[in-house]
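Counting begins at 1 with the first residue of the sequence. Only this structure's heavy atoms are used, side chains among them; waters, hydrogens and symmetry mates stay out.
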Amino acid sequence: MTPHPLLAELTRRAAARAHAAVETCPCGAATLADRPDAVVVRHADTVAKAHGPDTDPAALAPRLAAAAALPDILLPPLTPAPTLLHGRLVTFWPYGAPVDPDDPDAAPWEAAGALLAELHRTPVPAGLPAMRGPAKAARAVALLGAAGAHPALAPVLGAWRTLPAWARAEAPVPGVGALCHGDLHLGQLVRRPAPDGPWRLIDVDDLGVGDPAWDLARPAAWFACGLLPPDEWNRFLTAYRSAAGPAVPAAGDPWPRLDVPARALTVQSAARAVTKAAVAGRPLDEVEQCLVDACARMGSLPAQVAADFAK
């Protein structure tokens with residue numbers, strides 16, 4: 001298959017940056033992602049990323065600056081500004097070794113919790129835009145509505161309607177706000193230098209000012225849905241609290257703070273799953289059905305009943 005022009009040129013640019021003084025090399029290249037919202041290639045120790053076509057350059061610039069200023073938390077970019085390529089903003093990064101998906105017992109939950117706590121305690125840089133978490137959830141729900149009729153449509157939309165306006169990106173996030181990653185999951189951690197350097201957070205596309213509880217919400221939602229074992233959830237939460245993370249109280253029940261963001265991430269995940277299944281014309285798999293079932297339970301309860309959702 002012939003690669004599309006963006007992927008081919010991105011691959012060439014990554015090779016050129018990886019070997020600035022060498023015309024040819026035997027390294028080859030690997031395509032790490034080729035999606036509508038991101039194309040990512042690696043060549044040797046260099047990673048090139050074409051951001052989504054709707055990426056705002058005025059918002060990306062302060063996000064890159066924040067990553068460059070926080071190298072002990074975020075993987076810093078190789079260049080301070082993006083390059084325009086085939087109408088897409090492109091950034092260059094050092095390669096970091098990702099989490100091994102085939103070794104769940106080695107998942108770096110402690111590192112994730114500690115890095116998030118440090119990020120949330122960092123003063124918000126001037127000019128940083130809002131964290132994009134709620135906007136991404138709203139987009140997932142909008143795409144679900146455009147996918148056509150599906151039996152899971154009603155429970156997912158019903159759960160969405162129970163959320164407050166700020167969690168649906170229809171109102172500002174209440175409170176002062178903290179520096180947030182915006183899209184935390186284990187795929188957003190890498191070791192740099194590879195293969196056994198310290199863990200760093202990657203992907204600044206959603207970085208911004210917001211409710212720090214949002215960054216804990218995906219693991220919280222997985223735990224609440226039964227998709228994340230209690231031990232792993234406790235490792236993550238304990239590490240976050242031990243590092244003085246401000247999103248939840250230092251002790252006691254964290255769910256009054258986590259409930260709304262966890263619900264929102266459950267709806268977002270379910271909406272994406274149902275959309276993919278509808279487009280592929282296939283039934284929901286076990287995990288996808290679990291997310292939809294959680295939405296059905298959420299739709300029958302007020303958003304404040306955190307304890308019931310966590311069971």
Side-chain angles (χ1 to χ4, degrees), residues 107 109-121 131 133-134 136-138 140-141 155-156 158-186 188 206 210-271 287 290-311:
W109 289 112
E110 290 83 1
L115 285 169
L116 277 185
E118 189 173 357
L119 183 72
H120 295 164
R121 296 196 319 268
M131 178 263 291
K136 291 185 72 172
V141 172
V156 175
W160 182 247
R161 287 190 290 268
T162 69
L163 297 172
W166 73 264
R168 302 195 306 265
E170 297 172 359
V173 177
V176 176
L179 177 57
C180 300
H181 182 273
D183 188 29
L184 189 280
H185 53 80
L186 289 180
Q188 305 287 34
D206 303 307
D211 181 357
W214 197 278
D215 283 344
L216 281 68
R218 184 176 273 109
W222 291 342
F223 166 64
C225 293
L227 300 175
L228 183 67
D231 176 64
E232 295 185 27
W233 164 247
N234 287 329
R235 286 168 52 198
F236 172 69
L237 182 63
T238 298
Y240 183 83
R241 283 174 152 170
S242 298
V248 295
D253 186 5
W255 284 98
R257 287 286 294 120
L258 296 178
D259 181 54
V260 168
R263 287 171 178 261
L265 263 296
T266 301
V267 175
Q268 175 182 314
S269 299
V287 171
C290 181
L291 293 167
V292 172
D293 291 345
C295 288
R297 296 193 298 272
M298 289 159 50
S300 66
L301 297 170
Q304 291 78 14
V305 188
D308 288 343
F309 174 51
K311 293 178 180 177

Visitor: Under 3.5 Å, sequence neighbours excluded: what are the donor-acceptor pairs made by side chains of residues 111-118?
Guide:
none

Visitor: How long is the span from the CG atom in Leu265 to the NZ atom in Lys136, to the nearest 0.5 Å?
Guide: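 Going from the CG atom of Leu265 to the NZ atom of Lys136 covers 10.0 Å.
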Visitor: Look at the side chain of Ser269 and the backbone N and O of Thr266, then say whether any donor-acceptor pair between them is shorter than 3.5 Å.
Guide: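 Side chain of Ser269 to backbone of Thr266, a donor-acceptor pair under 3.5 Å: no, none is there.
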Visitor: From Leu258 CG over to Leu237 CG, what is the distance, rounded to the nearest 0.5 angstrom?
Guide: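 Answer for the CG-CG pair, Leu258 versus Leu237, is 7.0 Å.
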Visitor: Does the side chain of Leu291 reach to within under 4.5 Å of the side chain of Cys225, using non-hydrogen atoms?
Guide: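 Side chain of Leu291 against side chain of Cys225, heavy atoms only: contact under 4.5 Å found.
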Visitor: With a 4.5 Å limit on heavy-atom distance, are the side chains of Pro246 and Tyr240 in contact?
Guide: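 A side-chain contact under 4.5 Å exists here.
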Visitor: Look up atom CD in Gln268 and atom CH2 in Trp160, then write down how far apart they are to the nearest 0.5 Å.
Guide: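 Rounded to the nearest 0.5 Å, the CD-CH2 separation comes out at 8.0 Å.
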Visitor: Taking side-chain hydrogen bond (donor to acceptor under 3.5 Å, both in side chains) as the test, write out the residues that go with Asn234, two or more places apart.
Guide: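 Listed in chain order: nothing, the list is empty.
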Visitor: Mind checking the CD-OG spacing from Glu110 to Ser242? Nearest 0.5 Å is all I need.
Guide: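 If I round to the nearest 0.5 Å, the distance is 9.5 Å.
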Visitor: Determine all donor-acceptor pairs shorter than 3.5 Å in which one atom belongs to a side chain in residues 168-179; sequence neighbours excluded.
Guide:
| unit_1 | atom_1 | unit_2 | atom_2 | d |
| --- | --- | --- | --- | --- |
| Arg168 | NE | Glu170 | OE1 | 3.3 |
| Arg168 | NE | Glu170 | OE2 | 3.4 |
| Arg168 | NH1 | Leu163 | O | 2.1 |
| Arg168 | NH2 | Glu170 | OE1 | 2.8 |

Visitor: So, Asp215 side chain and His181 main chain: donor-acceptor pair closer than 3.5 Å or not?
Guide: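 Yes; judged by distance alone, with no hydrogens or angles, the pair exists.
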Visitor: Take the angle between the ring planes of Phe236 and Trp109 and call it parallel below 30°, perpendicular above 60°, tilted in between.
Guide: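 Geometry flag for Trp109 against Phe236: perpendicular rings.
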Visitor: Using only atom types and a distance under 3.5 Å, with no angle test, would you say the side chain of Arg121 pairs donor to acceptor with the backbone of Ala243?
Guide: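 Yes: the side chain of Arg121 pairs with the backbone of Ala243.
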Visitor: Could you tell me whether the side chain of Arg235 and the main chain of Ala107 form a donor-acceptor pair under 3.5 Å?
Guide: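 Side chain of Arg235 to backbone of Ala107: a pair is present.
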